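These notes are about the structure you will find just below.
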Amino acid sequence: MTGPQQVLLQRRGGGVVVRADGRDVQVPEEELADLVRRLEAEGAGPRWVWDDTTRWYPALLAAGVRVRRCTDLRLVHRVLRRSTAVDRELLAGPDTAAWDELAPVSASSGAPGGAAPEGLFEMAAPAGSLDAAAELARQEAAVAASPLRGRLQLLAAAESAAGLVAAEMTHAGLPWRADVHDRLLVDELGPQPPAGEQPRVLVHLLDQARSALDAPTLNPDSPADLLRALRRVRLEPPDTRSGTLQQLDHPAVVPLLEHRRLSRLHAANGWRWLREWVRDGRYRPDHLPGGVVSGRWAAQGGGALSVPAVLRPAVVADDGWRLVVADVAQLEPRVLAAVSADADLARAAAGGDLYQGVVDSGAVATRADAKLAVLGAMYGATAGSGGRMVDHLARRYPRAVEHLELAAAAGERGEAVSTWLGRGSPVPTGSWTQQAPDQPASDADLRERRSWGRFTRNFVVQGSAAEWASSWVALLREELWRLGSGRVAERPHLVLFLHDEVLVHTPAALADDVALAVRGAAERAGRLLYGDFPITFPLDVHVGRAWSDAGGH
DNA sequence: CCCGATACCTCA
DNA sequence: GTTGTGAGGTATCGGG
């Protein structure tokens, strides 16, 4: 047998059944961590096969055990079930529907504000009835029979590794300085008010807005109320979005917008958030690889993927430690160049700034135009300056643009599209899918059809970028482990992953090695997915004490 | 009183 | 001049 030995774990009758080399051994749950630790220490360690990483790995990590690799049957099942390159018959089994519905469980102690009762966990975990051995056999058969076998194997490995990264990030937690967070809030909002009262600065801004509009009971959170008040002073904005209000010439605008910005900060990431989500200097959201249809990760708990820029100074490395912050420049257009095999676009990307490369090729006049053109092509802009710029782009980079047009056209026909490694898009179900594209249709149907085309257009790029990024963090995880010694949180380790950006918490002495590892992993991910196609993935890498030291995007 | 839809803002 | 992807999250508001 080539590759690491597979060891399959299943919970049965209060214990764990460990299957290796076709033999079953029953182990009490409390002895599992020691067994895993022992096998991990032998050579390269096995490949653990289990129903769902969120049901196994947090307890192992809590016991100080790290695993090198696994197969996460839940994550792989979801990929294969939707892949256009997989024979669905080969995946069909008596418990297929149960695998479809298997949901991850929360790694944290449950609901914010208190530990979850034991029962909650069990209710959310019907995995006990699933036959992991049978599912593994079906998955292996389905992959083996697929024309995209090699790519699906890469995707399965990346997804499974992503599950490990996600659990480790929650386990270690994002370093979060409550005192710094509090200081930032006080600077913006004034001192923390007593329960039930608004912060001083909000009270003052609301007073200003109300008197400027002569509306003493105005609730600025109510769009209807706000529109009424504005109409009384002869202002007729079409909506109450900040960008719209900003166009108005009225003394109420400044306090209104400032009130909105600060009340949002207070409601979303204020003192209540701090109490709820930060414990012992760590913020521990749940990270969900493949949580988004495109394959991007989702997160749950405290809005981890939208940490406002103003609060990033509160993310500070421990004493003697550093944060290494790295983000990929223009990830999606680079992935587009690779998946469409557009050598011209790859050449434009070679200089490091893809947008400047597009300008230098003569496609458009300015960097701003290049950005409009590239983003417009990937999102499906038709009108306005974005739409015009896409035409210029199409003349110079026909392959890349055609790749997107084909994805959009397939979506408009109601067909699924696929990422580079074989993740399939969902199939639409709206009423428009019942008609031939050339038949007369209602405006609403036509709008939906085009909207779905924009989704599939974007899916091939966003999804392919997501699998590149998951491969990147999977490779990085391995390199970080080798840099240090001890448990996960004692070595350099990932603490946050945001689509195209990673934060690594590392002992200061290893920070430069980490910076090299982050670049090395990006290079290896590019070769792993795209072979010798000449696309590069340059990174901005910063080493500092705080997240904000990196400057941001 | 809960629930879903809507509006808006945050992030990539 | 025209805004085109994917999320999480909080608030309001109307319906059951």
Side-chain angles (χ1 to χ4, degrees), chain A residues 112 218-228 237-247 256-270 272-273 276-277 285-312 327-333 335-336 371-390 393 404-405 407-408 411 417 419 425-426 447 450-466 468-469 496-503 547 552-553:
Chain A
L218 170 72
N219 175 5
D221 270 352
S222 164
D225 199 15
L226 182 51
L227 279 177
R228 262 193 305 277
D239 54 60
T240 62
R241 279 179 282 203
S242 296
T244 308
L245 298 186
Q246 209 143 26
Q247 316 288 328
L256 272 176
L257 291 180
E258 189 64 357
H259 181 274
R260 180 176 287 177
R261 182 180 78 82
L262 292 174
S263 66
R264 177 172 163 74
L265 176 66
H266 180 233
N269 295 96
R272 190 166 49 108
W273 184 96
E276 228 165 80
W277 293 109
D286 286 319
H287 302 279
L288 303 170
V292 176
V293 278
S294 66
R296 275 187 168 186
W297 294 29
Q300 267 169 17
L305 297 181
S306 329
V307 175
V310 290
L311 292 184
R312 295 184 178 188
D327 73 283
V328 191
Q330 305 125 10
L331 173 58
E332 290 188 353
V335 165
L336 171 61
K371 205 167 169 174
L372 268 178
V374 171
L375 295 177
M378 294 191 303
Y379 290 159
T382 50
S385 35
R388 275 198 308 284
M389 287 304 151
V390 174
L393 195 74
L404 297 165
E405 297 299 335
V417 296
T419 65
S425 67
R447 248 197 324 277
R450 298 222 171 98
S451 167
W452 195 265
R454 285 193 299 277
F455 165 65
T456 52
R457 168 196 295 272
N458 187 252
F459 182 93
V460 297
V461 183
Q462 188 184 112
S464 299
W468 179 89
L496 197 61
F497 169 56
L498 303 168
H499 312 307
D500 64 356
E501 177 176 10
V502 293
L503 270 67
W547 188 359
H553 284 269

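These figures come from a predicted structure and were not determined experimentally. Protein chains get the first letters and strands the later ones, always in sequence-line order, with residue 1 at the start of each.
Using a 4.0 Å heavy-atom distance criterion, A/S294 is classed as making no nucleic acid contact. Residue contacts shown for A/R454 are limited to sugar-phosphate atoms, with no base heavy atom under 4.0 Å away. The residue A/G302 sits close only to the backbone: its heavy atoms come under 4.0 Å of sugar-phosphate atoms, none of a base. Among the heavy atoms of the strands, none lies under 4.0 Å from A/E332. Among the atoms of the strands shown, only primed sugar atoms or phosphate atoms (P, OP1, OP2) are found under 4.0 Å from some heavy atom of A/R260. At a threshold of 4.0 angstrom between heavy atoms, the contacts of A/V461 with the nucleic acid are absent.
Among the nucleotides B/dA12, C/dC13, B/dC11, the one closest to any side-chain atom of A/A309 is B/dC11. Between C/dT12, B/dA12, C/dT5, one nucleotide has an atom nearer to the side chain of A/N219 than all others, and that is C/dT12. Closest to the A/R312 side chain, of the nucleotides C/dT2, C/dG4, B/dA12, is B/dA12. When distances are taken from the side chain of A/Y379 to each of C/dG6, C/dT2, C/dT5, the shortest belongs to C/dT5. Of the candidates C/dA11, B/dT10, C/dT5, C/dA11 carries the atom nearest the A/A267 side chain, counting heavy atoms from C-beta on. When each of C/dT5, B/dC8, C/dT2 is scored by its nearest atom to the side-chain atoms of A/T240, the top-ranked nucleotide is B/dC8. For A/R241, taking side-chain heavy atoms from C-beta onward, the closest of the listed nucleotides B/dA12, C/dT2, B/dC8 is B/dC8. Listed nucleotides: C/dG6, B/dC11, B/dC8. Nearest to the side chain of A/D239: B/dC8. Listed nucleotides B/dA7, B/dT10, B/dA12 differ in distance to A/P308; the shortest reach to its side chain belongs to B/dT10. Nearest nucleotide to the side chain of A/R296, out of C/dT2, B/dC8, B/dA12: B/dA12.
Nucleotides B/dA7 and C/dG4, compared at atom P, are 16 Å apart to the nearest Å.
With sequence neighbours excluded, the residues that form a side chain to side chain contact (heavy atoms under 4.5 Å, CB included) with A/A224 are A/S222, A/R228. With sequence neighbours excluded, the residues satisfying ring pair (Phe, Tyr, Trp, His ring centres under 6.0 Å) with A/F455 are A/W452, A/F459.
Nearer the 5' end of DNA chain C, as judged by each residue's closest nucleotide, is the contact made by A/A383, out of A/A383 and A/A268. Nearest-nucleotide assignment on DNA chain C puts the 5′-proximal partner with A/F455, out of A/G303 and A/F455.
For the pair A/Q300 CD and B/dT10 P, the computed distance is 22 Å after rounding to whole Å. Going from atom CG of A/L226 over to atom P of C/dT12 covers 13 Å, rounded to whole Å. Rounded to whole Å, atom P of B/dC9 lies 18 Å from atom CG of A/L311.
Neither OP1 nor OP2 of C/dA7 sits under 4.0 Å from any side-chain N or O of A/S306.
If you take CG on A/D327 and NE2 on A/H499, they are separated by 12.5 Å, rounding to the nearest 0.5 Å.
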